[in-house]
Every structure is written in C-alpha cells, then in structure tokens.
Amino acid sequence: MTNGIRIAPSVLSADLAGLKDQVAQVLEAGADWLHVDVMDGRFVPNITFGANMIETLRKLTDKPIDVHLMVVEPEHYVESFASAGASVFTFHPEATIHVQRQLDTVKQAGMMAGLALNPATPIAHAEEVVRDLDLLLIMTVNPGFGGQSYLPGSDHKIRRAHALRTAHDARLFLEVDGGITKQTIAAAHQAGADTFVSGHAIFASADAGREVQELRRRCMVTV
C-alpha cells in the first residue's frame with residue numbers, strides 16, 4: 001500500500017485460462033487487494049463466481065480478497081465465503097432486510113463488513129450504519145457487467161460519501177468501482193476515494209502490471 005491508496009484489480013475481467021499468471025503479474029506490480037464480483041442473476045442480470053473462486057485466489061496470495069456480492073439475501077453466503085478466505089464482504093442494502101444485523105454477522109465471521117451503493121441509491125442508506133462499516137463502496141456504474149464507462153456525477157457522490165465519513169469520524173475504506181481508468185481515477189481520488197477497483201482497464205491492457213502502477217501514479221500526483 002502506498003500513501004493510503006489501494007488498487008484492487010477485479011478478476012471479473014481476467015482471462016480465467018491464465019488466472020494464476022495474471023494474478024501474479026498484478027501482485028508483483030503492487031496491487032494491494034484482489035476484487036471478486038459475485039453475481040446471482042437476480043440482483044443483477046449476470047452470473048459469475050462463488051466461494052470456489054475465493055478459495056482459488058487464497059491459494060495464490062495472502063493479500064486481502066475483497067468480495068462484492070451483487071446477490072439477493074447475501075446473509076446466506078457469509079459462512080462459506082469466510083471459510084473460503086474472503087477478507088472483505090460487501091453487500092447492497094436493497095438485497096437484505098436487516099442491514100445492521102448482517103454487518104454484525106459478517107464481522108463475527110472474521111471479515112471486514114462493507115456496504116455498496118448503486119448509482120441511484122442515496123448516501124442516506126449508509127448513514128444510519130456508517131459507524132458499523134469497515135468499507136463503503138460507491139458504484140460508479142450500474143452493476144452487472146465489466147467494461148462500462150464511469151457515470152457522470154460520480155465524483156459528486158464520492159465527495160458526499162467522504163463528507164459522511166468525516167462527519168461521523170468513521171474509520172472505513174471509501175471504495176469506488178466501475179469505469180476506473182487512467183482517465184477517471186485521479187478525480188475519484190481527489191473527491192475522497194482511497195480504494196479503487198479496476199478490471200477491464202487493467203486486464204485488457206497490454207501490460208496489466210504496468211497499468212496497476214500507472215493507476216497508482218495518477219492518484220499520487222493529486223496528493
């Protein structure tokens with residue numbers, strides 16, 4: 001980790017046939033976390049990974065594995081994901097009834113607890129539980145598919161999330177996910193984000209490791 005900036009490559013965009021080599025490449029380049037998008041085809045129109053992907057990645061690294069669940073009733077996955085080696089367990093408030101209870105359950109399972117807000121989900125959804133959060137994820141695209149473009153207005157929402165964190169003196173990571181590229185990361189960092197999920201920009205580039213380093217550098221020039 002450099003100056004409080006975390007780069008978290010999303011394996012959603014990795015070539016699964018060469019996953020081991022691609023993971024090694026981004027980690028050697030200084031990636032701080034690995035990000036896993038879990039989709040159930042109900043909360044979002046796509047189906048991706050489960051606990052087996054987390055188990056696979058855990059065999060490849062002791063770095064934090066950051067899991068984002070875009071699923072209905074995420075509480076059903078807490079135990080299995082903790083056992084698989086997940087470090088961060090992030091879910092959406094619309095996907096479960098008792099948000100605070102689920103955050104507490106995640107922490108009791110030994111993982112950091114995160115809440116994700118879709119582009120149209122108000123910041124207020126996080127306010128009542130902000131002191132219970134280890135991570136707040138601001139979605140800068142509508143979730144479901146990789147390779148989307150950063151939504152206009154995202155920087156303003158990040159600034160409001162940062163203000164919420166400051167107002168409550170909350171110790172949490174402020175993460176952004178969606179359309180994070182060399183062209184968008186600096187503004188997101190200036191707005192207050194400190195943790196950046198990037199998939200397509202990293203794994204579709206000619207040199208994934210160099211892309212990780214360049215994303216970090218773009219943040220550093222705004223410090």
*Can you see which heavy atom on A95 is nearest to which on V71, and at what distance?*
CB-O, 3.1 Å
*Which pairs count as side-chain hydrogen bond (donor to acceptor under 3.5 Å, both in side chains) when at least one residue sits in residues 98-107, sequence neighbours excluded?*
D104-Q108
*Assess whether side-chain contact (heavy atoms from CB on, under 4.5 Å) is satisfied between M139 and T121, documenting all intermediate values.*
CA-CA 9 Å; M139 292 300 299; T121 302; over 6 Å; no
*Measuring from E75:CD to F91:CZ, what's the distance to the nearest 0.5 Å?*
8.0 Å
*Using modelled atom types only, decide if a donor and an acceptor are shared between the side chain of T195 and the backbone of E175 within a distance under 3.5 Å.*
no
*Expected output: side-chain R165 to main-chain L172 donor-acceptor under 3.5 Å*: yes
Solution key, residues 40-54 side-chain donor-acceptor pairs under 3.5 Å, sequence neighbours excluded:
unit_1	atom_1	unit_2	atom_2	d
D40	OD1	R42	N	2.8
D40	OD1	F43	N	2.9
D40	OD2	V72	N	2.8
N46	ND2	G144	O	2.9
T48	OG1	D37	O	2.7
T48	OG1	M39	N	2.9

*Does R216 use its side chain to pair, donor to acceptor, with the backbone of I7 at less than 3.5 Å?*
no
*Between F203 and S10, what is the shortest heavy-atom contact and its length?*
CE1-O, 3.2 Å
_Taking R6 first and then D194, would you say they form a salt bridge - that is, a charged N and a carboxylate O separated by under 4.0 Å?_
yes
_Are the side chains of S13 and I202 in contact, using a 4.5 Å heavy-atom criterion?_
no
*Over all heavy atoms of both residues, which pair between A208 and V26 is shortest? Give the atoms and the distance, please.*
CB-CG1, 3.9 Å
*Which heavy atom in A201 sits nearest to a heavy atom in I180, and how many Å separate them?*
CB-O, 3.5 Å
*Out of curiosity, F196 CZ to L174 CG, how far, rounded to the nearest 0.5 Å?*
8.0 Å
*asked:* I want to check something: taking the side chain as every heavy atom from C-beta on, are N142 and L151 in contact at a cut-off of under 4.5 Å?
replied: yes
*Tell me the side-chain hydrogen bond (donor to acceptor under 3.5 Å, both in side chains) pairs involving residues 146-161, sequence neighbours left out?*
Y150-D155, H156-R160
*Closest heavy-atom pair and its distance - T140, G178*: OG1-O, 2.6 Å
Just list the side-chain donor-acceptor pairs under 3.5 Å for residues 122-138, sequence neighbours left out, or say none.
unit_1	atom_1	unit_2	atom_2	d
R131	NH1	H168	O	3.1
D134	OD2	A113	N	2.8

*So among V67, V197, T61, which one has a side-chain contact (heavy atoms from CB on, under 4.5 Å) with L34?*
T61
*Straight-line distance of L16 CG to Q22 CD, nearest 0.5 Å*: 8.5 Å
*Nearest 0.5 Å please: distance from the CG atom of L27 over to the CG atom of L60.*
8.5 Å
Name every donor-acceptor pair, under 3.5 Å, that has one atom in a side chain of residues 80-89 and the other anywhere in the protein, sequence neighbours excluded.
unit_1	atom_1	unit_2	atom_2	d
S80	OG	Y77	O	3.3
S83	OG	E79	O	3.1
S87	OG	R58	NH2	3.2
S87	OG	I65	N	3.0

*What pairs meet the side-chain hydrogen bond (donor to acceptor under 3.5 Å, both in side chains) rule with one or both residues in residues 204-214, with sequence neighbours excluded?*
Q25-D207, E214-R217, E214-R218
*Kindly say whether G209 contributes a backbone atom to a donor-acceptor pair with the side chain of E28 at under 3.5 angstrom?*
no
*asked:* For a quick test of reading the model, state the closest non-hydrogen atom pair linking A193 to I158 and the distance between them.
replied: N-CG2, 3.6 Å
